[in-house]
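As structure tokens, the structure follows; a few thoughts come after it.
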Amino acid sequence: MSKITVSATVNGDAADFVCDATETLLDVLRDRLGLTGAKEGCGTGDCGACSVILNDRLVCACLVLGAEAQGAKIETVEGLANGETLHPLQRKFIEHAALQCGVCTPGFLVAAKSLIDHNPDPTEEQVRYWLAGNLCRCTGYDKIVRAVLDAAAEMREANHAA
Amino acid sequence: MPLDAKPGMDFKVIGTRPVRPDGIDKVTGRARFGADFNMPGQLTGRVLRSPHAHARVKSIDVSQALKLQGVKAVVTRDDFNADAVDPALMDVLVNVMARDKVLYEGHAVAAVAAVDAPTARQALKLIKVDYEILPHVTDVEEAMKPSAPVLHADMFTDGVEPRPTKASNIASRVEFGHGDVEAGFQQADVIVEREFRTEAAHQGYIEPHAVVASMGADGYAEMWCCTQGHFMVRNISAHLNGVDVSKLRVTASEIGGGFGGKTTVFLEPVALALSRKANRPVKLVMTRDEVFRASGPTSSSYVKVKIGAKKDGTITGAYAELAYQGGAFRGSPVDMGAMCTYACYDLKNVQVVGYDVVVNRPKQAAYRAPGAPQAAFGVESVIDELAQKLGMDPIDLRLKNAARDGTKSSYGPTFGPNGLIQTLEAAKNHPNYKVKLGPHQGRGVAVGFWFNFGGQTAVSMNVNIDGSIALAVGTPDIGGSRASMGLMAAEELGIAYDKVRTIVADTASLGFNDVTEGSRVTFSSGLATVQAARDAIKKMCGRAAQMWGIPEDAVEWKDGHAHPAGANAGNFPPMSLADIAKDAGNTGGPIAGHCEVNAEGAGISFATHLVDVEVDPQTGRTQVLRYTVIQDAGKAIHPTYVEGQYQGGAAQGVGWALNEEYIYGKDGRLQNAGFLDYRIPVCSDLPMIDTVIIEVPNPGHPYGVRGVGETGIVPPLGAVGNAVSHACGHRMTVVPMSPPRSLKAIKG
Ligand code: FES
Ligand code: FES
């Protein structure tokens, strides 16, 4: 099978890769670029564990082909923290124990970041509906929702102060 | 193994809520789960699975697949020597690779290893399997009928006298109880008798099964996988492949949920066989479709309950009959279900009969308190109906009959101190029990029980030169247990929590550990951690004694320091753990504490759940409005994680109660093998889940710990069932109470 050459930007860095026409963006991130933060929970767009931000839009990386990423800007969980400084969402997830096993966590963090990017002051209901595409089997979502609301509040305050 | 409890002790770090040691790795994507591990030269494996529910495998021709460029190995039943396999593990072997018959749709028949996934997928298509299709049965009640197709010609029901001469799908019959139920029913003023059915639910862990196996030409092998028990994986994978246990080293990856579903092997022995044949590392990862079709869901069940009570609410007799299908092999959790059925009640006359049944479905695997929720659904529904008939508050009726300290349980043992009464009282006083309900709304109450396990456990604790501690445990961390172990070690040693690093050691580094199941980890590994810490303390006191030139028993350990015990021992300034560690090289070498134990004394745990729901009269859809979990933790080591266990168990129970079910077609094939059609609760389906932690110490643990993971899934089916029944004005008897079923109940 002949391969396709793709140039994209991943977490701010140039990323060039070759892939098969059938390979998903998730396969490319995990197997070709070594970014295993995004997980494959289903491969069919039903669990959100593979959530990444593609050109400012939240997508399931398992539903995008690697070849489609030509020229795209991609953000994954690996790019959330700024060096040693965790993103407020990451910090709040740890503080609230919003993870048990943690396999859903990268997807939730990316989805929640996209929510706060779009809506810095979400209500509990908005958080619940925005995150309804991300499955978590361990937590019952309670602590996840609290962590997201708390992080959003902290970020609003920080913006206010700035 | 009596360890000194510390009654009324003042804890310093136990009960605090520090962040978990693996937190940063898990929020940055650095944590390595099962599928995140790769080895140089690794091949991609795929498994060929049966499209039929029941068929004889006449032949398997792999020649074409082997000819495909890039295919490095194919394995089938012929690569496993069944004659050399321990009969007790025969079912495991047959389940990981079908032999003369396939017993369910999704049953593995062959596996390939190839240079990449497309090649492996193509190779599967080139394998020719000649099936002779046989009649199948997937329903538990159908399977018990004399006319049902029989799965195993050598299955004669155990536990029945005289032993049947005709093979059937009933693997065994069990019975528990005491007293005289018939006499009990005669004393009753009211009797309620009903039949219930529950469909099979899957554990639904978000991480599919994954393994990388690598065996060299010298026969030594390594494996990396996501499992609840890497020692179990090692023993079984080695045995099924005829390899010495010592030649296989298994490392447990981070595990993306298990809930019981990762307490057995599926891919691991196959990956090892492929790697041996290909002489290269092989990675096998299940798709979600395979997880649903080929890994273990829980049992579906038929449950009959009959309870009689006097006018004042005293239960005079209680009977139940359970039939659980365990998939295609014996071993459904009907025995545990039968033991738990009436465990919450103090009964004079009680009898429970259970049947373990096989059907053409995947082999069931444990799921959180295996067997208990199904039976509890029936019992808690009937108790609720009795309360209605007697005009009693459902909590008062339970309080009147609740098991207490000294109750002889329906399955035999006499209970020690436990917190059931306290959970019921807390429920009664909870603000959520007093909220006024609107139209189409209903409130449900239910109680639940789980035994909790102990088991084989080994822990080792190294005191490092700088006074920090390396704690190695052998039980994978599925919900923050490394933090709990670190807390217990810090508490016992008298040092700061962040001085302890807890790791999950591989199978070559530690003695055997049972799997993480039965809510045993915080109890057993915790107990072993405390014991190992005491061992290390004893050694450190010895070193201090040596340096001070006084006898060892003249030194005592307090607040992280060795002290001379009393004025007679001498006047030496206390020596810290770090001081002793620094000089270890001059006082006898490295200091380590160990504990190898078969932990006993796990404490039972009870819970009471409260739920309010609203059922849409147009669609039959149920929305959970409020949910409250009240459970006895014995002692909450890390309260946040205890709450997390309560909330997670309740959420899973709500999903099972309202939506989740395995749906089979007439062809014996699963119709909803994906998260779209097998719908687990999503964020917008649930409210916040309130929790109350009751602490009635377990006398069997030095800090009073009880397991907390399992009990939480026992009450929800009954609690939600009672709430929906009240909202619909009709007694619900089938789980899940999906919209069509509720709508039918409303319309009558
Ligand atoms: S893996 Fe992409 S949505 Fe589940
Ligand atoms: S923390 Fe395990 S799936 Fe969310």
Side-chain angles (χ1 to χ4, degrees), chain A residues 1 20 22-23 27 30-31 34-47 49 76-78 80-81 86-87 89-91 93-107 109 124-125 127-146, chain B residues 17 19-20 22-33 35-36 38 116-118 203-208 254-259 285 287-289 477-480 627 638 640-641 643-652 654 674-676 680-689 691:
Chain A
M1 218 183 302
D20 293 327
T22 56
E23 245 170 273
D27 294 334
R30 292 179 53 83
D31 300 338
L35 295 171
T36 54
K39 309 295 176 201
E40 179 162 323
C42 67
T44 50
D46 300 314
C47 77
T76 72
V77 70
E78 285 92 344
L80 263 188
L86 294 181
H87 187 281
L89 277 164
Q90 292 173 307
R91 210 161 15 81
F93 263 60
I94 298 179
E95 277 172 30
H96 285 265
L99 50 138
Q100 280 177 30
C101 77
V103 79
C104 67
T105 309
L109 288 168
E124 180 190 332
E125 196 180 12
V127 171
R128 286 191 181 275
Y129 277 91
W130 186 276
L131 297 178
N134 291 78
L135 300 180
C136 174
R137 191 58 157 173
C138 299
T139 64
Y141 305 103
D142 182 301
K143 295 181 190 304
I144 293 178
V145 174
R146 287 177 204 276
Chain B
R17 304 174 184 238
V19 302
R20 60 197 280 166
D22 52 334
I24 300 232
D25 280 358
K26 286 190 173 159
V27 298
T28 54
R30 218 164 50 185
R32 282 187 301 170
F33 289 85
D36 298 340
N38 295 299
D116 57 20
Q203 297 82 353
Y205 31 82
I206 305 301
E207 178 200 37
E254 295 301 323
I255 171 171
F259 318 109
V285 182
T287 62
R288 179 55 55 182
D289 185 89
D477 178 356
I478 56 175
Y627 204 103
H638 191 306
T640 309
Y641 293 123
E643 292 163 12
Q645 289 295 320
Y646 290 5
Q647 293 167 334
Q652 288 185 321
V654 167
F675 277 138
L676 188 60
I680 71 172
V682 303
C683 203
S684 53
D685 290 338
L686 294 171
M688 292 295 184
I689 299 170
T691 55

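Proteins get letters first, then strands, A, B, ... in listed order; numbering begins at 1 in each.
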Do [X] and [Y] have side chains that get closer than 4.5 Å, going by heavy atoms?
X: B:Thr28; Y: A:Leu80; answer: no
X: A:Ile94; Y: B:Val27; answer: yes
X: B:Pro118; Y: A:Asp20; answer: yes

With a 4.5 angstrom heavy-atom cut-off, is it the side chain or the backbone of [X] that approaches chain A, or both, or neither?
X: B:Ala650; value: neither
X: B:Thr640; value: both
X: B:Leu686; value: both
X: B:Glu207; value: both

Under a 4.5 Å heavy-atom cut-off, does chain B meet the side chain of [X], its backbone, both or neither?
X: A:Ala49; value: side chain
X: A:Leu135; value: both
X: A:Leu86; value: side chain
X: A:Thr44; value: neither

Quick one: [atom1] on [X] to [atom2] on [Y], what's the gap to the nearest 0.5 Å?
X: B:Asp477; Y: A:Cys101; atom1: CG; atom2: SG; value: 10.0 Å
X: B:Asp116; Y: A:Asp31; atom1: CG; atom2: CG; value: 10.5 Å
X: A:Asp46; Y: B:Leu676; atom1: CG; atom2: CG; value: 4.5 Å
X: B:Thr691; Y: A:Asp142; atom1: OG1; atom2: CG; value: 7.5 Å

Side-chain donor or acceptor of [X] paired with backbone N/O of [Y] under 3.5 Å:
X: A:Arg137; Y: B:Phe259; answer: no
X: A:Tyr141; Y: B:Ala651; answer: no
X: A:Gln100; Y: B:Gly644; answer: yes
X: A:Arg146; Y: B:Met688; answer: no

Nearest non-hydrogen partners of [X] and [Y], listed with the distance:
X: B:Tyr641; Y: A:Ala97; value: CE2-CB, 3.6 Å
X: B:Gly29; Y: A:Glu78; value: O-OE2, 4.4 Å
X: A:Leu99; Y: B:Lys26; value: CD1-CB, 3.6 Å
X: B:Cys683; Y: A:Val145; value: SG-CG2, 3.6 Å
X: A:Cys47; Y: B:Phe675; value: CB-CD1, 4.1 Å

Identify which of A:Ala38, A:Ala81, A:Gly37, A:Cys138 forms the greatest number of heavy-atom pairs closer than 4.5 Å to chain B.
-> A:Cys138

Mind ranking A:His87, A:Glu124, A:Glu125, A:Arg91 by heavy-atom pairs under 4.5 Å with chain B and telling me who comes out on top?
-> A:Glu124

Between [options], the one whose heavy-atom pairs under 4.5 Å with chain A are most numerous:
options: B:Gly23, B:Ser684, B:Ala31; value: B:Ser684
options: B:Gly649, B:Ala35, B:Gly256; value: B:Gly256
options: B:Gly648, B:Gly257, B:Ala117, B:Gly258; value: B:Gly648
options: B:Arg288, B:Gln203, B:Arg30; value: B:Arg288

Can B:Asp36 and A:Arg30 be counted as an ion pair, charged N to O under 4.0 angstrom?
-> yes

